[in-house]
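Report on the structure given below.
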There are 2 protein chains.
Amino acid sequence: MTSAEAADMPDDGALRTPDRLRRRASRLLSRLTMRSDRLVNEGLARADARKWHYAVLASLEEYGPGSQAELSRRSGIYRSDMVGVLNELAERDLVERAPDPDDRRRNIITISDRGRRHLRLLDHVLDDLHEELLAPLDPAERDEFVGLLTRLLDHHTRAS
Amino acid sequence: MTSAEAADMPDDGALRTPDRLRRRASRLLSRLTMRSDRLVNEGLARADARKWHYAVLASLEEYGPGSQAELSRRSGIYRSDMVGVLNELAERDLVERAPDPDDRRRNIITISDRGRRHLRLLDHVLDDLHEELLAPLDPAERDEFVGLLTRLLDHHTRAS
DNA sequence: CCGTTGCGTTAGTGGGACTAACGATGTACG
DNA sequence: CGTACATCGTTAGTCCCACTAACGCAACGG
């Protein structure tokens, strides 16, 4: 259940939302994700980045250069959207795009030194943002939370 | 990581997404919510409904008739989008829209008997969908999950 | 009576997920 | 060999959702 509770929509005690609504896991997920996405997007924007940048750079550093299609599969970004992301990364010299001599259909994407440095910065930014996101939970609860999320997600990605 | 390794990756498990990516709570949340939303939307669509229908009907049954603006506040639907939702509900005779004699700016929305029946159906549909969503978790874990989500969401709705 | 505030409504923005289709390749097979 | 099929990068466009802007109308308070 999605819905917004924006700045101009106060939710003071008098007008409560129904219980059946408030307790649904799907709704809690949607709403929390909205907050979380906003938090992360804004945090990354302050570092002149977007979450895809992080996904691609991390993928490149961890598995080495690859074609756009490959990156797309690894990072979960649709290959249609990959173009734009790589343009942005290339603009910032975080990444280099070169044609593959062995297969002229492909571009081979390589992370640059600047890219590596930027990735390290983003890692730090994300750590801080997650500290904020998970603030109310103690370390054990955070692990538990991540564990539960992982199990649920795994279940639903296999089943699909 | 050599490029050779990446270059001739078949399609089985070898194509992994980086760990730092996979473990981030924000990413887990986003992806799980995508699945969850899809599940719920499709489930409700099969019952000729949308999540907002549920939100409005539940709000009406729990707190009685109200103006559109009031419903908007309770359910978290933007009042801009409320019009369309109420049109859909009125089309289906689940709800009645009548002008408020005491304040001619307002419409007073009332749930109909059909609406009540429909709400009960949707409750059941949602129960089933949540059973599917939370399938991998035992009852205690489901409570824990909902508890964690609630705490996080509360924290971020107050803080905002 | 007038300014303010709240209401219902229409229109539109911006972003994210996802699809369709294309040209230019590569690969497999009869 | 040639032809059918698959893959890659790319463009365009769809759909849905959260959210904003603005308008006209009506009520309320001074």
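Here A:Asp123 pairs with B:Arg24 in a salt bridge; the nearest charged N to carboxylate O distance falls below 4.0 Å.
The nearest whole Å value for the distance from the CG atom in A:Asp102 to the C1' atom in C:dT27 is 15 Å. Rounding to whole angstrom units, CG of residue B:Asp37 and P of C:dA17 are separated by 12 Å. One interatomic measurement links the two molecules: CG of B:Asn41 to P of C:dA17, which rounds to 15 Å at whole-angstrom precision. Taking atom CZ of B:Arg38 as the reference point, atom P of D:dC15 lies 17 Å away to the nearest angstrom. Nucleotide D:dC17 holds its P atom 17 Å from the CG atom of A:Leu29, rounded to whole Å. Put simply, OH on B:Tyr78 is 17 Å from P on D:dA22, counting in whole angstrom units. To the nearest angstrom, P of C:dG16 lies 14 Å from CE of A:Met34. As a whole-Å value, the separation of A:Glu88 CD from C:dG15 P is 11 Å.
Across all strands, B:Met82 comes closer than 4.0 Å to no nucleic acid atom at all (heavy-atom distances).
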- request: Would you give a per-nucleotide map of nucleotides 6-12 of chain C, 5' to 3', where B means the base has a protein non-hydrogen atom under 4.0 Å away, S means only the sugar-phosphate does, and - means neither?
  value: BSBBBB-
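In the displayed structure, A:Arg97 atom CZ is contacted under 6.0 Å by more than 12 heavy atoms of other residues, nucleotides or ligands. Residue A:Arg104 places its CZ atom among 12 or fewer non-hydrogen atoms of other residues, nucleotides or ligands, all under 6.0 Å distant.
Both A:Arg104 and A:Gly76 lie near DNA chain C, and the one whose nearest nucleotide falls closer to the 5' end is A:Gly76.
In this structure, the separation between CG on B:Asp37 and OG on A:Ser26 is 7.5 Å, given to the nearest 0.5 Å.
With hydrophobic clusters built from ILVMFWY side chains whose heavy atoms lie under 4.5 angstrom apart, A:Leu126 shares a cluster with A:Leu39. Two different hydrophobic clusters hold B:Ile77 and B:Val83 under the rule that ILVMFWY side chains link at heavy-atom gaps under 4.5 Å.
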